[in-house]
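Below you'll find the structure, written out as structure tokens, and then a few comments.
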Amino acid sequence: MNAPMVRAEGVRKHFGKLEVLQGIDLTVERGQVCCLLGPSGSGKSTFLRCINHLETVDGGRLTVDGELVGYRQHGNKLHELREREVAERRRDIGMVFQRFNLFPHMTALDNVIEAPVKVGGVPRAAAREQARQLLEQVGLGDRAGYYPAQLSGGQQQRVAIARALAMKPKLMLFDEPTSALDPELVGDVLDVMRRLAADGMTMVVVTHEIGFAREVGDTAVFMDQGVVVEAGDPRQVLVDPEQERTRAFLSKVL
């Protein structure tokens with residue numbers, strides 16, 4: 001129980017000749033909210049996808065709750081796990097994407113129960129009861145029977161959050177969860193995330209919502225060109241940053 005929830009040590013990732021992550025060092029303790037900020041192409045989303053092994057790493061080490069992500073270590077070498085083993089470990093990590101990725105032919109309720117029933121082996125009746133509670137939690141208790149096409153973007157994103165929570169994850173990853181939403185719909189999604197943070201959920205959030213990062217984040221991490229430029233208390237990093245690159249970025253988004 002002493003291990004941090006996420007620990008990255010010298011994490012590298014390249015696509016062809018382009019090195020997207022150039023040695024990321026980062027620690028997220030249990031119950032913390034870590035907000036990743038930076039311009040497009042800085043490596044934020046790639047790093048997030050490495051945390052649950054949607055992307056493999058080309059160097060360094062990444063652990064979640066003390067366990068290597070996607071690999072097993074033999075001596076000094078890391079060997080990639082089989083897909084089934086990766087999926088087993090990934091069950092403890094919930095992820096919410098920019099696009100909601102809901103099954104269009106399923107109601108909100110059915111979208112939420114799919115993974116617990118098919119992957120977790122939860123009896124359908126129990127999964128339905130839990131799904132109703134989760135939809136209530138995200139403010140959509142009256143939309144359980146609606147299909148995605150009948151919901152607004154903000155409502156679909158809240159269903160996606162409920163779906164991720166249905167597997168009872170120990171860690172939640174959010175990849176710019178409000179970037180695809182109309183501005184007036186952003187607040188409802190952020191409110192759900194605030195409540196999750198208040199309940200002690202460990203979260204790593206890629207976001208451009210500076211106000212959310214300042215208010216809710218325990219750590220703000222500014223990335224650029226595949227490196228961590230600056231990290232620390234959001235009230236420091238976002239109000240009085242030490243690095244000129246951070247100041248230049250914030251001057252354009254605030």
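Every heavy atom of this structure was used, including side-chain atoms; hydrogens, water molecules and symmetry mates were not.
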- Message: I'd like to know whether Arg7 forms a salt bridge (Lys or Arg N to Asp or Glu O under 4.0 Å) with Glu29, so could you lay out the CA-CA distance, the side-chain angles of the two residues, the decisive distance to 0.1 Å, and finally the verdict.
- Response: CA-CA 9 Å; Arg7 174 173 282 161; Glu29 301 293 345; 5.7 Å; no
- Does any donor atom in the side chain of Ser45 or Asp175 lie under 3.5 Å from an acceptor atom in the other side chain?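 Note: Ser45 and Asp175 side chains meet the donor-acceptor criterion.
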- Task: Scan side-chain atoms only and decide if Gln137 and Arg195 contain a donor-acceptor pair under the 3.5 Å cut-off.
- Result: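 Gln137 vs Arg195: no donor-acceptor pair found between side chains.
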Is the backbone of [Y] close enough, under 3.5 Å, to the side chain of [X] for a donor and an acceptor to pair up by distance?
| X | Y | result |
| --- | --- | --- |
| Arg158 | Val138 | yes |
| Glu230 | Gln243 | yes |
| Asp92 | Pro169 | no |
| Gln155 | Ser152 | yes |
| Thr178 | Leu181 | no |
| Arg30 | Thr202 | no |
| Arg90 | Asn52 | yes |
| Lys13 | Thr46 | no |
| Gln156 | Leu151 | yes |

- Task: Could you tell me which non-hydrogen atom of Ala220 sits nearest to which non-hydrogen atom of Leu37, and how far apart they are?
- Result: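 Heavy-atom minimum between the residues: CB-CD1, 4.3 Å.
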- Kindly give the heavy-atom pair with the smallest separation between Gly154 and Val189, and that separation in Å.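 So the minimum-distance heavy-atom pair works out to O-CG2, 3.7 Å.
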- Check whether NZ of the Lys or CZ of the Arg Arg99 lies under 6.0 Å from the centre of the six-membered ring of Phe97 and within 45 degrees of that ring's axis.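 Here Arg99 fails the 6.0 Å and 45° test against Phe97.
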- Is it true that the NZ or CZ of Lys252 lies under 6.0 Å from the centre of Phe249's six-membered ring and within 45 degrees of the ring axis?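 Pair Lys252/Phe249 does not count as cation-pi.
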- Where do Arg194 and Glu215 land on the salt bridge (Lys or Arg N to Asp or Glu O under 4.0 Å) test, with the steps shown first? CA-CA 9 Å; Arg194 287 187 184 95; Glu215 173 194 350; 3.1 Å; yes
- Message: Test side chain to side chain contact (heavy atoms under 4.5 Å, CB included) on Thr219 and Val28; report intermediate values, then the result.
- Response: CA-CA 8 Å; Thr219 305; Val28 183; over 6 Å; no
Less than 4.0 Å between a side-chain N and a carboxylate O, is that true for [Y] and [X]?
| X | Y | value |
| --- | --- | --- |
| Arg132 | Glu129 | no |
| Arg72 | Glu80 | no |
| Arg214 | Glu209 | no |

- Query: Between Asp58 and Arg12, does a salt bridge (Lys or Arg N to Asp or Glu O under 4.0 Å) hold up when you go through it step by step?
  - Reply: CA-CA 5 Å; Asp58 297 314; Arg12 294 182 175 274; over 6 Å; no
- More than 12 heavy atoms of other residues, nucleotides or ligands under 6.0 Å from CD of Gln225: is that the case?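 No, because the 6.0 Å sphere around CD of Gln225 holds 12 heavy atoms or fewer from other groups.
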- Message: Does Leu26 form a side chain to side chain contact (heavy atoms under 4.5 Å, CB included) with Leu36? I'd like the steps, not just the answer.
- Response: CA-CA 11 Å; Leu26 182 65; Leu36 304 181; 4.2 Å; yes
- Message: Assess the residue pair His14 and Gln22 against the criterion (side-chain hydrogen bond (donor to acceptor under 3.5 Å, both in side chains)); give the C-alpha distance rounded to whole Å, side-chain angles, the decisive distance to 0.1 Å, and a yes or no.
- Response: CA-CA 8 Å; His14 58 75; Gln22 302 185 43; over 6 Å; no
- Answer yes if the ring centres of His105 and Tyr147 are under 6.0 angstrom apart, and no otherwise.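 So the answer is no for these two rings.
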- Task: Begin from the C-alpha positions of Arg143 and Gln150 and carry the test side-chain hydrogen bond (donor to acceptor under 3.5 Å, both in side chains) through to its verdict.
- Result: CA-CA 9 Å; Arg143 296 292 191 270; Gln150 298 172 304; over 6 Å; no
